[in-house]
Amino acid sequence: MPDPISTVKSSAGRPWYSPIALLQRLILYALIAYLTLCVYLFFAQNSLLYPRVATGAVLPKEKAIKIAHLVGLIPWDRTVPGSDAPQGYIRHDFTQSASRGTVVVFHGNGDWAWARTDYVAAITQRGFRTFLYEYPGYGGRPGRPSEATIVPDAQALIRSLDQAGYGPVYVWGESLGAGVAASVCADPALPVHGLVLLTPWDNLANVGYSLYPYIPVRWLLVDKYNSIANLEHFKHPICVIRSTQDEIIPPTLTLNLFAHLPEPKKMIEQEGYGHNDWPRSPELPWWDDVLNFIAPERALAKK
């Protein structure tokens, strides 16, 4: 009587336990696991890129405004028709005259706009108004953040500030905000007169590749944030600020971005600092170097 186990064959006519059959099964299981990971990353990418929304850290509008008041800021809700949700936060004296114009700040993905009072302190004392833009889904704003929702909303804000007489308008972006700022400034007709990119990448796909080198990130990404392509035709000063020990954005990506940016451009290096610990004190001279470069015709004399 034949052994029943030996009669079990694979689809190729070999026993299921033969080395070739086992190898085929392992390859199949690995392929399934790989495809499962790709599918997971595709559907999870918004949560990975905008973690404040993903972690449920979205604040009710009333609570966000209350916290902003505690740090000396008030909400701005004048741009989106029919909405009283804060599009950003400003100081109470924002509408008063400022000799050098307005700087619109796009923060990183782990922040809220009202938490970035360091920008307000440093930029305002140098003669600019400071507008801390808030992303949809963050800091009391309804909606869901994405390149498709943020960019037209921010462009409408910049146009409204310029039309209301708060220009010239300059744009400052940090980390994710640098990608947002570049996408916003891709429109050559937008009234932006200078741009600052702090700890930026060249292309979000390259950041993804550095984290997941065996995943086809370029095919999976919905939000592209391709800063090189977006700034190809930008005609105004661009200042890039690079932390030499950046542990999140590979230094080669920042350097590649700078190499491809049009003139006029300037690189400032924060030697020995990482992605999130760069020096923030408003008294430091590097703030003057940056702002005097993007607004040279309105530069303040150094003390």
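The shown structure was predicted, so the numbers you read here are calculated from the model rather than taken from an experiment.
Formation of a donor-acceptor pair under 3.5 Å by the Asp93 side chain with backbone atoms of Gln96 is not found in this model. Not one N or O on the side chain of Gln245 forms a donor-acceptor pair closer than 3.5 Å with the backbone of Gly272. Counting only distance, with no hydrogens or angles, the side chain of Asn230 and the backbone of Ala186 share no donor-acceptor pair below 3.5 Å. Put simply, the side chain of Asp153 never gets that close to the backbone of Thr149: no donor and acceptor are under 3.5 Å apart. With hydrogens and angles disregarded, a donor-acceptor distance shorter than 3.5 Å links the side chain of Thr102 to the backbone of Tyr166. Judged purely by atom type and a 3.5 angstrom limit, Asn109 has no side-chain atom pairing as donor or acceptor with the backbone of Pro51.
Heavy atoms from other residues, nucleotides or ligands lying under 6.0 Å from NE2 of His233 number 12 at most. Atom OH of Tyr273 has 12 or fewer neighbouring heavy atoms from other residues, nucleotides or ligands inside a 6.0 Å radius.
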I'd like a table of donor-acceptor pairs (distance under 3.5 Å, sequence neighbours excluded) in which one partner is a side-chain atom from residues 252-259, with atom names and distances.
residue: Thr254; atom: OG1; partner: Pro200; partner atom: O; Å: 2.7
residue: Asn256; atom: OD1; partner: His260; partner atom: ND1; Å: 3.3
residue: Asn256; atom: ND2; partner: Asp202; partner atom: OD2; Å: 2.8

Scan the side chains in residues 216-228 for donor-acceptor partners under 3.5 Å anywhere in the protein, sequence neighbours excluded, and list what turns up.
residue: Arg218; atom: NH2; partner: Asn206; partner atom: OD1; Å: 2.6
residue: Asp223; atom: OD1; partner: Glu147; partner atom: N; Å: 3.3
residue: Asp223; atom: OD2; partner: Tyr50; partner atom: OH; Å: 2.7
residue: Asp223; atom: OD2; partner: Glu147; partner atom: N; Å: 3.2
residue: Lys224; atom: NZ; partner: Leu221; partner atom: O; Å: 2.7
residue: Tyr225; atom: OH; partner: Tyr50; partner atom: OH; Å: 2.8
residue: Asn226; atom: OD1; partner: Ile228; partner atom: N; Å: 3.4
residue: Asn226; atom: OD1; partner: Ala229; partner atom: N; Å: 3.2

Distance-only check: which donor-acceptor pairs under 3.5 Å involve side-chain atoms of residues 33-42, not counting sequence neighbours?
residue: Tyr34; atom: OH; partner: Tyr214; partner atom: O; Å: 2.7
residue: Thr36; atom: OG1; partner: Ile32; partner atom: O; Å: 2.7

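When all heavy atoms of Ala113 and Glu134 are compared, the closest pair comes out as N-OE2, 2.9 Å. When every heavy atom of Pro279 is checked against every heavy atom of Gln270, the shortest pair comes out as CG-OE1, 3.5 Å.
In this structure Tyr135 satisfies the ring pair (Phe, Tyr, Trp, His ring centres under 6.0 Å) test together with His107, Tyr133, Tyr138, sequence neighbours excluded. Residues meeting the salt bridge (charged side-chain N to carboxylate O under 4.0 Å, His left out) test with Arg129, sequence neighbours left out: none.
Identified under the side-chain hydrogen bond (donor to acceptor under 3.5 Å, both in side chains) test for residues 234-243, with sequence neighbours left out: Arg242-Glu269.
Remark: Arg116 fails to qualify as a cation-pi partner of Trp114 under the 6.0 Å distance and 45° angle criteria applied to the six-membered ring.
Counting heavy atoms from C-beta outward, Phe131 and Leu157 have side chains that approach closer than 4.5 Å.
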